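One structure is given below, encoded as C-alpha cells.
Not measured: the values here are computed from a predicted model. Worth knowing before you read on, the calculation uses all heavy atoms, side chains too, and leaves out hydrogens, waters and symmetry mates.
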Amino acid sequence: MDILKDLAAIAGEKFVTCDDSVLSEYTADLSFTKASKPEAVVYPGTAEEVSKIVKWANENNMPLIPVSSPIHLYGTTVPKQGGVIVNMKRFDEVLEIDTVNRFVRFGVGVSWEKLTSELKKEGMRVIMPLAPRGNRSVATDHLEREVTTSMVYDYGEPTQSMQVVFPNGDIFRTGSASAPKFPYSPARGANPAGPGLDFYRLLQCAQGTMGIVTWMSLKIQSIPRIDKIKFAALDKLDDASGFLYRILPRRIGQECLVLNNVDLAALLASDAEEFQKYKAGLPHYTLILTISGLIRRPEEKIAYEEHFLSDVMRNEFQNIVLTDTLPGFPGASNKLIDILRSAWSESRPYWKNVPAGAYQDLFFITKPEKAECFVEIMKDICGKRSYTFESIGIYKQPIEHNRACQMMFTFYYDAECEKSAEAVKAVYRDAFEAMHDAGAYFTRPYGDMAERLYDRAASYTAALKKVKTLFDPNNVMNPGNLCF
C-alpha cells in the first residue's frame with residue numbers, strides 16, 4: 001500500500017503529505033495525552049472526497065483522525081494508533097446566513113473569528129462559550145458540547161442540522177436537512193431532530209469516532225442594540241444560587257456566569273503583571289450578568305429587567321448588590337462585554353495562558369447548590385498535595401435557567417517546568433476521583449479520566465461499543481478514544 005499515492009488519487013498531490021515537520025504538529029496537543037505520530041495528513045475539499053478517503057481506510061484497515069482546528073485541548077485528535085489525519089481546514093466557507101429562520105450554515109473549518117465577523121455584517125451573532133480561541137473551529141466546540149454563557153432558553157441547544165460522512169463512507173444529513181430539495185426545502189434544515197431518531201446527538205462528544213462532519217448549522221440571534229452589564233461580589237459560590245433560581249427562569253439576562261478572582265483576572269489582564277494586580281483587587285467571586293435590548297423597543301426591555309432585578313433584590317435577596325461597574329476597575333465593564341461577545345483574537349496571548357503559560361481544565365455538571373461542596377473537596381485535595389488552592393481558576397456556568405450548572409476548575413502551570421506539570425497531573429487525578437465519588441457528572445470525559453469513567457459504567461460502555469460496531473465495524477474512525 002502506497003499511502004501517499006492512494007490519497008493523492010483522491011484529494012490531489014498538493015493536498016497530501018507525510019513530511020515529518022508537518023506530522024509533528026499532530027503528535028500531541030495541549031492535554032497530557034501521550035504523544036503519537038500519524039502516517040500522513042490529507043486535506044480533502046469536498047464531502048465526496050471525504051467519503052472516498054473513508055472507504056479507502058476501510059479497505060486498508062487504516063485509522064482516520066478527523067481534525068478541523070489548528071489547536072486541540074483534550075487529546076481527541078492525537079493519533080493513538082497511528083493512521084491518517086483528515087484535516088478539514090479547506091471546509092472554511094460560511095455557506096449561508098438565514099436571518100429569517102435565524103440560523104447559519106458553515107463548513108467545519110470555519111473559525112470563531114471568521115464566523116462572528118461574517119455574522120456581524122448581517123447584524124447577527126451566534127451564542128458562544130466563554131472567550132473561545134479565535135482560530136478554533138466553531139463546529140468542533142459545538143460537537144464537543146462546550147457550554148455557552150447565554151441563558152436564553154431558545155439557544156440552550158444551538159446545534160441545528162449537519163452533514164456527516166459515516167464510517168462506511170455514506171454521506172448523511174441530520175434532521176430537516178434530510179428533506180428533499182435541501183437547502184431549498186421549506187424546512188431549510190432549521191430543525192436538528194428527526195424524522196425519527198436524533199442522529200445529531202450520536203455525533204456530539206463522539207470525538208470523531210462515529211463519522212466526519214463536513215458542515216453544521218447553528219441558531220443565531222440579532223446583535224443587541226443596548227447592553228448593560230451587572231456585577232455582584234460574592235464570598236461563596238452558593239451566595240447567588242437562590243437569586244439566579246429566581247431571575248433566570250423569567251428570562252432576565254443574556255449572559256450569566258460566576259468567576260473567581262483568578263479566572264476573572266486572567267480574562268481582563270494583558271500580561272502576568274497585570275494579572276497579579278487584578279487578582280489582588282477583585283472579590284473572591286464575581287457574578288456577571290448582562291441584560292440586553294434587541295431590535296424591538298430595546299429601552300423598554302432594559303428598563304423592565306432593571307426594575308425586576310431591583311424589586312427582587314430589595315424584597316427577597318438583600319445580600320445581592322448589583323453594580324454597573326467592577327469596583328476598583330472602572331474600565332472593565334466595556335471590556336467584558338466585548339470579551340463575552342467576541343472570539344479571542346490570535347493577535348494576543350490566549351487568556352488562559354496569561355497567568356503561567358499553560359493550563360488544564362477539569363469540568364463537570366452538577367446542581368448549583370452543590371457547587372460549594374466541590375470547592376471544599378478541591379481545598380482538601382490541595383492541602384494534602386501541598387498545592388496552592390488560591391492559584392486555581394473557578395468558573396460556575398448556570399445551564400438551562402440554573403436547573404444545573406457546569407463547574408470548571410482551571411489549573412494554571414508552567415509547561416516548561418516538569419515539576420509544575422507533574423503537580424497539576426497529581427491534583428487533577430485526585431480531584432477527578434474525589435469529585436466523581438461525590439456525585440460530579442462528567443458528561444465529557446477525556447484521556448485517563450474517560451477510561452476510569454467507562455470502567456465504572458459497564459452497561460453504558462457495552463451499549464456504546466455495540467453502536468460503534470454497527471456504524472464502524474472495522475474501527476477505523478479515531479480508534480483509542482472514548483471506550484473504543
Side-chain angles (χ1 to χ4, degrees), residues 31-34 36 54-55 57-66 72-83 86 140 142-147 157 159 162 164-170 172 174-175 192-213 361-367 399 404 406-407 428-484:
S31 71
F32 291 131
T33 302
K34 183 180 178 181
S36 182
V54 171
K55 290 176 181 177
N58 278 281
E59 292 169 0
N60 294 279
N61 198 28
M62 177 64 67
L64 296 179
I65 303 91
H72 295 273
L73 311 173
Y74 310 125
T76 59
T77 60
V78 174
K80 299 174 181 64
Q81 298 179 19
V86 183
T140 295
H142 281 286
L143 284 171
E144 288 296 315
R145 287 205 302 258
E146 292 283 354
V147 177
E157 174 52 90
T159 305
M162 63 182 80
V164 59
V165 179
F166 278 137
N168 66 349
D170 287 350
F172 182 81
T174 67
L197 295 173
D198 294 345
F199 275 95
Y200 80 101
R201 296 191 185 278
L202 178 73
L203 304 168
Q204 290 181 330
C205 285
Q207 300 178 27
T209 62
M210 299 306 298
I212 301 177
V213 175
D361 293 326
L362 180 68
F363 46 87
F364 53 86
I365 306 299
T366 186
K367 298 292 290 181
I399 301 172
Q406 176 180 265
M407 282 291 293
Y428 187 100
R429 182 177 58 250
D430 290 355
F432 161 71
E433 295 287 356
M435 291 181 185
H436 184 262
D437 290 343
Y441 183 45
F442 291 88
T443 60
R444 297 189 286 149
Y446 302 100
D448 293 342
M449 180 171 64
E451 294 179 15
R452 294 188 180 98
L453 275 177
Y454 288 120
D455 283 345
R456 298 181 183 187
S459 60
Y460 194 83
T461 302
L464 278 177
K465 289 183 176 180
K466 287 180 182 179
V467 172
K468 172 69 167 176
T469 301
L470 289 172
F471 277 83
D472 186 15
N474 297 318
N475 196 28
V476 297
M477 294 303 306
N478 212 5
N481 281 296
L482 296 182
C483 50
F484 309 129

> Just checking, any donor-acceptor pair under 3.5 angstrom between side chains of Gln406 and Arg444?
Replying inline: yes
> Run the salt bridge (charged side-chain N to carboxylate O under 4.0 Å, His left out) check on Glu157 and Arg145 step by step: do they pass?
Replying inline: CA-CA 9 Å; Glu157 174 52 90; Arg145 287 205 302 258; over 6 Å; no
>> Let's go through Tyr74 and Phe32 carefully: what are the C-alpha distance in whole Å and the side-chain angles of both, what is the deciding distance for ring pair (Phe, Tyr, Trp, His ring centres under 6.0 Å) to 0.1 Å, and is it a yes or a no?
In response: CA-CA 8 Å; Tyr74 310 125; Phe32 291 131; over 10 Å; no
> Of the non-hydrogen atoms in Tyr428 and Met449, which two are nearest, and what is the gap between them?
Replying inline: OH-CE, 4.1 Å
>> Distance check, rounded to the nearest 0.5 Å: Arg201 atom CZ versus Thr159 atom OG1?
In response: 8.5 Å
> Are side-chain heavy atoms of Val213 and Leu203 found at a separation under 4.5 Å?
Replying inline: yes
> Do the side chains of Gln204 and Glu144 get nearer than 4.5 Å, heavy atoms only?
Replying inline: no
> Quick one: are Met210 and Asp472 in side-chain contact, heavy atoms under 4.5 Å?
Replying inline: no
> Do you know the tightest heavy-atom contact between Phe432 and Leu362?
Replying inline: N-CD2, 4.1 Å
> Do any N or O atoms from the side chain of Asn58 and from the backbone of Val54 form a donor-acceptor pair under 3.5 angstrom?
Replying inline: yes
> Tyr454 versus Leu464: any side-chain heavy-atom pair under 4.5 Å?
Replying inline: yes
>> Using only atom types and a distance under 3.5 Å, with no angle test, would you say the side chain of Asn168 pairs donor to acceptor with the backbone of Asp170?
In response: yes
> To the nearest 0.5 Å, how far apart are CD1 in Ile212 and CD1 in Ile65?
Replying inline: 9.5 Å
> If every non-hydrogen atom of Leu482 is compared with every non-hydrogen atom of Cys205, which pair is closest and at what distance?
Replying inline: CD2-O, 3.8 Å
> Is a salt bridge present between Glu451 and Arg456, judged by a nitrogen-to-oxygen distance below 4.0 Å?
Replying inline: no
> Knowing that exactly one of Tyr441, Phe363, Phe364 qualifies, which makes a side-chain contact (heavy atoms from CB on, under 4.5 Å) with Met407?
Replying inline: Phe364
> Between Thr209 and Lys468, what is the shortest heavy-atom contact and its length?
Replying inline: O-NZ, 2.7 Å
> Roughly how far, to the nearest 0.5 Å, is CE of Met162 from OG1 of Thr174?
Replying inline: 5.0 Å
